[in-house]
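To start, the structure itself, in structure tokens.
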2 protein chains.
Amino acid sequence: MSQKATIHDVAHHARVSVSSVSRALNNYPHVSEALKTRVVEAAEELDYQPAFLAHSLRRGETNSIGFLVGSIANPVISTIYEAAAEALATNGYAVTLVSSRNQADLDIACLRLLASRQVSGLIVSSASESPEPSRRFIQETNIPTALLDREPVDGERVFAVQSDHESSVRKAVLHLVENGHRNIGFIGGPQGFYPTQQRFRAYQEALAEAGIPPRSELARFASFTETDAFAEALLLMRNRPQPSALIVAGNIILIGALQALQDRQLTVGRDIALVACDDIHLTQLYRPPVTVIRRDLNLLGKTAARLLLQGIANNGNRTDRVIKLPTQLVIRESSDYLCDELFTRG
Amino acid sequence: MSQKATIHDVAHHARVSVSSVSRALNNYPHVSEALKTRVVEAAEELDYQPAFLAHSLRRGETNSIGFLVGSIANPVISTIYEAAAEALATNGYAVTLVSSRNQADLDIACLRLLASRQVSGLIVSSASESPEPSRRFIQETNIPTALLDREPVDGERVFAVQSDHESSVRKAVLHLVENGHRNIGFIGGPQGFYPTQQRFRAYQEALAEAGIPPRSELARFASFTETDAFAEALLLMRNRPQPSALIVAGNIILIGALQALQDRQLTVGRDIALVACDDIHLTQLYRPPVTVIRRDLNLLGKTAARLLLQGIANNGNRTDRVIKLPTQLVIRESSDYLCDELFTRG
DNA sequence: TGGAAATCTGAAAACGATTTCCGAAACTTT
DNA sequence: AAAGTTTCGGAAATCGTTTTCAGATTTCCA
């Protein structure tokens, strides 16, 4: 039905030439009002919609952008996606979403797929552990790209939106130290994952700043699965001395950590202080509510979309290449108490 | 770079004709091994990938399917999506994801967008409140479509994957009644939403079956926002007599309900029994763990993908039109106790 | 009123593949 | 050696648009 009407049908129906139809419908100059109205009437009558494929082929523009994620089932990512997609949609772009299922080796294949689909732009939020091949790929194919929480890539049209993880992790560590904790554990995502690196570095530096010697057995790294995070958390909590506080970097990690703490019968906010990254429903509804490092996911997505669209529009003009968005430490009951050791020692 | 190599370049590089390249690369009969290897070598050397747009235009097939959701930030939906997308990807399909942001009026526009992109198939999981226009649209454009948890649509190539909400809601009601509850509240999603209708009907029928007269003020319906669910839950809990048990239909509703219960200082599993739909991380980690009606979201997504792919392949052959997947009542501490009223009255 | 300029319009060439048709080789078979 | 079969090249049509080019018409001004 609606598929059938072509520009030729419209032209025939309006008794004008094909090119006139194109001009009239695309608001070209030098087209009379009479012809224009005749054409749009015919077009409406036939419910004509330009065929996307032919249109894009000729224009060399698909008006669609590719979105690569590690997993859309991650609520943080899906929230970012939703925000970005809305901004893109209002600008006439459709987005094809590809998930690498957190498998680093699939990463590059996904990018290839997207590139072969001739997307006009790319948003990459995948958490590849060894990002080098995909970085090179992005650099070589000159597709405008917005990187989410990744190390910036050199390139005329490559942008990055980051979150200031460091400052809030630092605040979190100092907050815990202030409350008397000295054995502060850290569980991060994969070590090659950029936010993990930033958070871990901030964790180490803040410890040093507080005069606490870092102990490697207090830091662990898990893949992006709850079971793995659970296992690592369990391992960490078996450590002697047992950490009295825990910083978990990521919501999936948080899930696994909470399972482990419940498994070990440790009560959050009494036996152990907890700080998580990203404020999701769980952190607010959990009893006690858990202290989080919050960031505006909506803003993150919107900013990525904005940067990308700018990059597509001014091909190669001067714009900000990398934007760092603020984060915020929200202290809740899970960490807002004084550590026992403060008294036993003191 | 990779964009540049066309089929002509490959033909020239392999010193063969354009048509031979096409034949060789598409595994046509009557092409010698020698020529074939020569062509694929040249293709690899030039990193040739057939231009998606030209290819699709000629073949009349985009090898991409459109996925319409109400909101991908909903963890249930994103899990279903992830499963479906994986199945589709392994079959060579890319998926463009569109969110209607739970706005019924955007629904039809999203479908139009997808159709204008000439997708080969459609998966619809949007929660439109007045689905009639979109139903008609799906029927008219003859695009193979898989409906997720929606009322089936008549059509040669329209399929539906549903969940057996009724039987588990019935079990849940009887379970609560057995534990002595007589004032059982119900909070559902929008009234036009198919799963809501099914769950609500099962709730009413089960009450009748247990000899409990239904009371309309115990059932409330919220839109797909936590704030609205929160408000409805508050209203419900102000009811006299206060319900001693609550069935919340949907994970967003659950969030709002939990907020309301905490706001009213009601302890789940003691002051009020709680049954939720869909087993998400929150329901498992909440203290006490909350009783849920569980379903295999992965299977749901995979089944939708399978049905759709079959529908695309055997254009119009006989296959199952609608599949109903089982659900399961998982009783946890939030509801696994005897109601006080049992004693005060008895 | 004549001619330059502005405005309209249609035919045809792209875009990059697939596909068809035909004919020329090369090879096999009888 | 004639006939038949396979393999491949070349040219051209097709998919449905946009865009260029040039011709046709009108408008404008001296």
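Residues Glu82(A) and Ser99(B) bring a donor and an acceptor atom of their side chains to less than 3.5 Å of each other. For the residue pair Ser20(A) / Ser17(A), a side-chain donor-acceptor distance below 3.5 Å is found, with atom types taken as modelled.
Residue-level contact check: His8(B) touches neither bases nor backbone, having no heavy atom under 4.0 Å from any strand. Heavy atoms of Leu35(B) sit under 4.0 angstrom from primed sugar atoms or phosphate atoms, though from no base atom.
Taking atom NE2 of residue His12(B) and atom C1' of nucleotide dG9(D), one finds them 15 Å apart after rounding to whole Å. Per the geometry, CG belonging to Leu53(B) stands 14 Å off C1' belonging to dT18(D), to the nearest Å. Distance His55(A) NE2 to dA14(C) P: 20 Å, rounded to the nearest Å.
The side chain to side chain contact (heavy atoms under 4.5 Å, CB included) with Leu307(A) is formed by just one residue from the set Val161(A), Ile312(A), Val158(A); it is Val161(A).
Using a 4.0 Å cutoff on non-hydrogen atoms, the parts of residues 14-22 of chain B near DNA chain D are Arg15(B), Val16(B), Ser17(B), Ser19(B), Ser20(B), ordered by number.
The side chain of Tyr48(A) contributes an N or O atom lying less than 4.0 Å from OP1 or OP2 of dT17(D).
Considering every non-hydrogen atom in both Leu308(A) and Thr145(A), the closest pair reads CD1-N, 3.8 Å. Nearest heavy atom pair, residue Tyr194(B) against residue Arg150(B), reads CD2-C, 3.4 Å. Nearest heavy atoms, Ser100(A) versus Gly70(A): OG-CA, 3.7 Å.
Between the side chain of Arg58(B) and the base of dT14(D), at least one donor-acceptor pair of N or O atoms lies under 3.5 Å.
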Please list, for nucleotides 22-28 of chain C, all pairs of protein and nucleotide N/O atoms separated by less than 3.5 Å.
none

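Residues Val31(B) and Pro50(A) each lie close to DNA chain D; by heavy-atom proximity, the contact nearer the 5' end of the strand is made by Val31(B).
Atom CG of Asp154(B) sits in a sparse spot, with 12 or fewer heavy atoms from other residues, nucleotides or ligands closer than 6.0 Å.
Under the 4.0 Å criterion applied to side-chain N and carboxylate O atoms, Arg135(B) and Glu132(B) are assigned as salt-bridge partners.
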